[in-house]
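Values below: all heavy atoms of this structure, side chains included; hydrogens, waters and symmetry mates excluded. Atoms within each ligand, like the ligands themselves, are counted from 1 in listed order. This one's a predicted model, so the numbers in the text were calculated from it and none came from an experiment.
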Amino acid sequence: MVNQGIFSILAGNVNMNFSPGSLGRLGVLPRAEFVPTPTSVEEMKNLTAHLAGARMFVKRDDAIGLAMGGNKARQLEFYLGDAIAQSADTILITGAVQSNYVRMAAAAARKMRMDIHIQLEERVSDNDRAYRESGNVLLDRMLGATLYSYPKGEDEAGADARLEDLAADLRRKGRRPYVIHLGLGHPPLGALGYVRAAHELLEQAHAAGLQFDEIVVASGSGHTHAGLLFGLRALGCRVHVTGACVRRSRRPQIERISDHCGRIATILGVPNPVGDFDIALTDDFLAPGYGQLNASTVDAIKLAARTEALLLDPVYTGKAMAAAIDRARAMDREQQLLFVHTGGGPGIFGYAALLNKVL
Ligand SMILES: *Cc1c(COP(=O)(O)O)cnc(C)c1O
């Protein structure tokens, strides 16, 4: 829904001469297509009026149609593309019990006529029935995923190794498994989805005469953040991008984004346009930790719902919105901030007990 009324400011920050050529091999890498683009950019007028800071906009990647949507749809286009290129017939993936990623992987696998095996890690200690039975895990079951449990939620390398064991098992049974890894050390194909999204966003901003001064996005695995930042810089756009830490603190997350950007450059065969100084992150809204709430996040969830009917989850988008609100308040009214809504809707129901205590 790009309507002209909301896009009235000329683009100065955006290099109008951006050329997709600077994205190297992006257009020739295998990609399964299940994200109708562009996703809409909407102005959040009520929230803007309430905060009296920068004009706030939202990119609705939560509204991607596949199985309740979210940022993982764009990421999975490249993993599934690679899987198809390798003639895989089964996708293997690991994640938290309420992982949006594994739910979307199940959906993507089904669309591509593949089987789906999911390893669920125990990451959030204080969990209850809704956490184990509703939200994403319910949808995993509906999509017919084969589920496994992994006890150590903080051990990424261990979770990946277990996934490799499961894959070896499937191979012995004559299947052709494709593993989507969790840990570092693997090509960040998912980030390519957000390199594409950067191009899409610049085209939208250009067409609508928008000039964003700031983009705020959740930073978990870092694929969304790194891909977006890489794509914007490669296309000559210098807009400030802030990642909101949702999984680990700022320092290790900077290293992670830096690592991803180096690997994206290698995959695309272009120079890396992202210097470490350019990686902006806040972990002010992370406490007490992954999947746990703090006062600013609760406020952000309530405010977004009650001003914009925008539904945010407690793990990712609630924290990213808390960061966006903080930034918008510090900016002036002539400036523009874009919040990337990365989805997570089903997680709201998985975290019903936690949310019911604070709403
Ligand atoms: C996974 C996820 C994120 C974080 O994205 P990364 O690419 O892993 O950093 C943010 N929001 C939602 C809803 C997610 O599911």
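For the residue pair S249 / D283, no side-chain donor-acceptor distance below 3.5 Å is found, with atom types taken as modelled.
A cation-pi arrangement is absent between K319 and F339 under the rule of less than 6.0 angstrom and at most 45 degrees off the ring axis.
Ring-plane geometry between H186 and H181 is classed as parallel, the angle between the planes falling under 30 degrees on a 0 to 90 degree scale with a further cut at 60.
The salt bridge (Lys or Arg N to Asp or Glu O under 4.0 Å) contacts involving residues 253-266 comprise E156-R256, D259-R263, where partners must be two or more places apart or lie in separate chains.
Annotation: R251, atom CZ; neighbour count of heavy atoms from other residues, nucleotides and ligands within 6.0 Å does not exceed 12.
The residues R110 and D115 are annotated as salt-bridged, a charged nitrogen and a carboxylate oxygen being separated by less than 4.0 angstrom.
Among protein residues, N71, K72, Q75, N100, A218, S219, G220, S221, G222, H223, T224, Y316, T342, G343, G344 come within 4.0 Å of ligand 1, judged on heavy atoms.
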